[in-house]
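Indexing begins at 1, ligand by ligand and atom by atom, following the structure's order. Worth saying up front: this structure is predicted, and the values here are computed from it rather than measured.
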Amino acid sequence: MKPHDVIVVGAGPAGSAVATLLAERGIDVVCLDRATFPRPKPCAEYLSPEAGRVLARLGVLTALRREPHERLVGMRITSPDGTAFVGRFAGNHGHRGFSNYGLALPRELLDAHLVRAAERSGAVIYEGTAVEALERDPDGTVRVRIRSGNRRESLRARLVVGADGLNSRVASWLGTVRHGTRRCIALVTHMSAVEGMTDVGEMHVARGGYVGLAPIGSGITNVAVVADVNSLPCRGTPKLLFERLLGRFPAVAERLAGGRRLTPVRGAGPFARWTSRATGDGVMLVGDAADFYDPFTGEGIYAALHGAELAAARAEQGLVTGRLAARDLAAYDRDRRKAFGGKWVLERVIAAAVATPILFNHLARRLSARAALADLLVGVAGDIVEPSRVLRPGFLWQLVW
Ligand SMILES: Cc1cc2nc3c(=O)[nH]c(=O)nc-3n(C[C@H](O)[C@H](O)[C@H](O)COP(=O)(O)OP(=O)(O)OC[C@H]3O[C@@H](n4cnc5c(N)ncnc54)[C@H](O)[C@@H]3O)c2cc1C
């Protein structure tokens, strides 16, 4: 049988976005996901303001704004000693992005809208279909072995896009996965009646981890606890771990005490993994499959969506010219470094500060006294301000001294 042009493995934000952008250009795309949508996904569920630009391009922003959601205008960060600062996306830094706020809404809704957009644009979607293995055929195409219920078969494509998330099978097959030393897990749930929520997302840092609170519409708050695997208080179910870890955040626990848990506690991780390159012969990686470090700055969804734009542009070029070898697709690696390189550095600097309470307390004191610096930092997290604005010596000097 004739190979497909593209098989996209995974229909989360990265996969659905790539599938949409390629299918709307008339390219033959099959997109597979082992899940059936809508499905929950452990995530803090807020999007950086700039994500709205890509969602508009994909034709889903208006429909998403009709769903229950919240608009977050910035972030409030609390350090281990209780010092808090607020940064606003549209602060006094002279930068304006697509929007002054980020949307926060359940992943069930976001991801389902994105999959249906891919379908409308002409991609063929196979839900409930897991990819079990990949291999290269003698003609250079990639064979993808899939299972749907008890049925096993294989499909072939000129190009496979691995958008299969944190534990990507495609990335493992490519052999480019690298792991960091500080590995974290996350435990996430939805709660009602959390006291004191406003129009900003919150991050509370303590020794060994942090907890994020984000209102996601209909009076529901997303509660996400992230902890270093080396600092876990016990072994046990996600619920037990969640409860034990919350004990490290007494001020947050007090605000949650009158609330009700609405969903099971779901776990994710361990994370701190990236790939040495996101391309191989006839293969590209996008979203978490390519790079996942730490959700503290809350931009994985934007990286997945914008990464999909970059991948789709290079994939289309390769399919038209018939040049799909690793050396041809390497331009996509360069595009990714240009688009995300600054954020990768900043992510690592922030993760190091979060892991060092004395330093984080100091930085929080400086930022609470200098609102403009806090706005600038949160503007970078919101993808409104270029990371180079905060990675320059002058900014770092003002932060530390
Ligand atoms: C605790 C936590 C909090 C976070 N908070 C935020 C936040 O607030 N804001 C933000 O922007 N980002 C956040 N992130 C990051 C964000 O969740 C990810 O970056 C984003 O989901 C990446 O999208 P993706 O499409 O690459 O992967 P995913 O959303 O993981 O989608 C991958 C898809 O691939 C499918 N799949 C996997 N393996 C296979 C297989 N073998 N066969 C078929 N299908 C397969 C899965 O079913 C899934 O649907 C958070 C992450 C965590 C862990």
- Task: Could you tell me the residue and atom name of the protein heavy atom closest to atom 44 (N) of ligand 1, and the distance to it rounded to 0.1 Å?
- Result: R34 N, 3.1 Å

- What are the atoms of ligand 1, with element, lying closer than 4.0 Å to any heavy atom of F292? 15 (C), 51 (C), 53 (C)

- Could you establish whether E132 and ligand 1 come within less than 4.0 Å of each other, counting only heavy atoms on the residue side? no

- Task: Among R261, E45, R260, find the residue that satisfies the side-chain hydrogen bond (donor to acceptor under 3.5 Å, both in side chains) test when tested with H190.
- Result: E45

- Query: Is the closest N or O pair between D111 and ligand 1 shorter than 3.5 Å?
  - Reply: no

- Pick one: which of K343, H306, R53 meets side-chain hydrogen bond (donor to acceptor under 3.5 Å, both in side chains) with D383? K343

- Message: Students should be able to answer this: which protein heavy-atom is nearest to atom 28 (P) of ligand 1, and at what distance?
- Response: K41 CE, 3.8 Å

- Query: Using a heavy-atom cut-off of under 4.0 Å, does the side chain or the backbone of S48 touch ligand 1, or both, or neither?
  - Reply: neither

- Message: Below 3.5 Å, N or O to N or O, backbone or side chain included: is there any such pair between P13 and ligand 1?
- Response: yes

- Note on the structure: Nearest non-hydrogen protein atom to atom 37 (C) of ligand 1, with distance, is D164 O, 3.3 Å

- Item | Where ligand 1 meets T129 - atom numbers and elements under 4.0 angstrom, heavy-atom basis | 43 (C)

- Name of the residue among D335, D333, D328 meeting salt bridge (Lys or Arg N to Asp or Glu O under 4.0 Å) with R314: D335

- Item | For R107, the ligand 1 atoms whose distance to one of its heavy atoms is below 4.0 Å | 16 (C), 17 (O), 20 (C), 21 (O), 29 (O)

- Query: Is R145 close enough and on-axis enough to W173, meaning under 6.0 Å and within 45°, for cation-pi?
  - Reply: no

- Task: Answer with yes or no whether A224 contacts ligand 1, where contact means a heavy atom under 4.0 Å from a ligand atom.
- Result: no

- What are the atoms of ligand 1, with element, lying closer than 4.0 Å to any heavy atom of I301? 10 (C), 11 (O), 12 (N), 19 (O)

- Judged by atom type as modelled, is there a donor-acceptor pair below 3.5 Å linking the side chain of E50 to the main-chain atoms of F98? yes

- Taking atom 42 (N) of ligand 1 as the reference point, the nearest protein heavy atom with its distance: V131 N, 2.9 Å

- Task: Would you kindly specify which portion of C43 sits under 4.0 Å from ligand 1, judged on non-hydrogen atoms: side chain, backbone, both or neither?
- Result: both

